[in-house]
Amino acid sequence: IANQTIGASKPNENIEWWITDVHGKVVHDGAVTDMAVLTDEIWMERTAPGLYLLWIKGNSRLQVEQFAVIR
């Protein structure tokens, strides 16, 4: 998701990402300086079922994607 959402980053640009529940609580987060090292898989096996938001900040943009965890 992240690689497709932000696209190519500038060299040494900090890309921040975090996942929140619908109440705004951060459940996962991270940062990289090279989008090539950011994988498109995040293990959420201990995360409760529900709606979540993936926030990605980079390239002077902030993008949000909604997804659901279903068990």
Side-chain angles (χ1 to χ4, degrees):
I1 296 173
N3 286 331
Q4 297 169 355
T5 305
I6 291 294
S9 65
K10 298 173 187 170
N12 299 320
E13 181 176 10
N14 193 36
I15 305 295
E16 299 175 61
W17 64 270
W18 59 98
I19 296 173
T20 63
D21 62 16
V22 293
H23 303 290
K25 179 183 175 189
V26 175
V27 295
H28 294 284
D29 66 349
V32 296
T33 55
D34 182 0
M35 273 306 268
V37 300
L38 186 61
T39 65
D40 55 2
E41 291 183 2
I42 299 170
W43 291 97
M44 297 189 63
E45 59 192 23
R46 294 186 180 149
T47 305
L51 292 175
Y52 293 88
L53 299 172
L54 169 62
W55 303 77
I56 302 172
K57 182 180 176 185
N59 293 340
S60 302
R61 294 173 31 187
L62 176 64
Q63 290 188 271
V64 182
E65 296 288 332
Q66 180 177 314
F67 67 96
V69 172
I70 302 169
R71 303 249 189 265

Considering non-hydrogen atoms only, spot the tightest contact between [X] and [Y] and give its length.
X: Ala68; Y: Leu51; result: CB-CD2, 3.9 Å
X: Arg71; Y: Glu45; result: NH2-O, 3.0 Å
X: Asn14; Y: Ala31; result: OD1-CB, 3.7 Å
X: Trp17; Y: Leu54; result: CE3-CD1, 4.4 Å

Notebook entry, point to check: side chain to side chain contact (heavy atoms under 4.5 Å, CB included) between Trp55 and Glu16: does it pass, once the steps are laid out?
Noted result: CA-CA 8 Å; Trp55 303 77; Glu16 299 175 61; over 6 Å; no
Next item on the list: Any chance you could measure Ile19, atom CD1, to Lys25, atom NZ, to the nearest 0.5 Å?
Entry: 13.5 Å
Note to self: Within this structure, what is the CG-CZ distance for the pair Leu53 and Phe67, rounded to the nearest 0.5 Å?
What the structure shows: 8.0 Å
Margin query: Applying side-chain contact (heavy atoms from CB on, under 4.5 Å), can you list everything that pairs with Val26, at least two apart in sequence or on another chain?
Written below: Trp18, Thr20, Asp29
Margin query: Check whether Asn59 reaches the backbone of Arg61 with its side chain - one donor and one acceptor, N or O, closer than 3.5 Å.
Written below: no
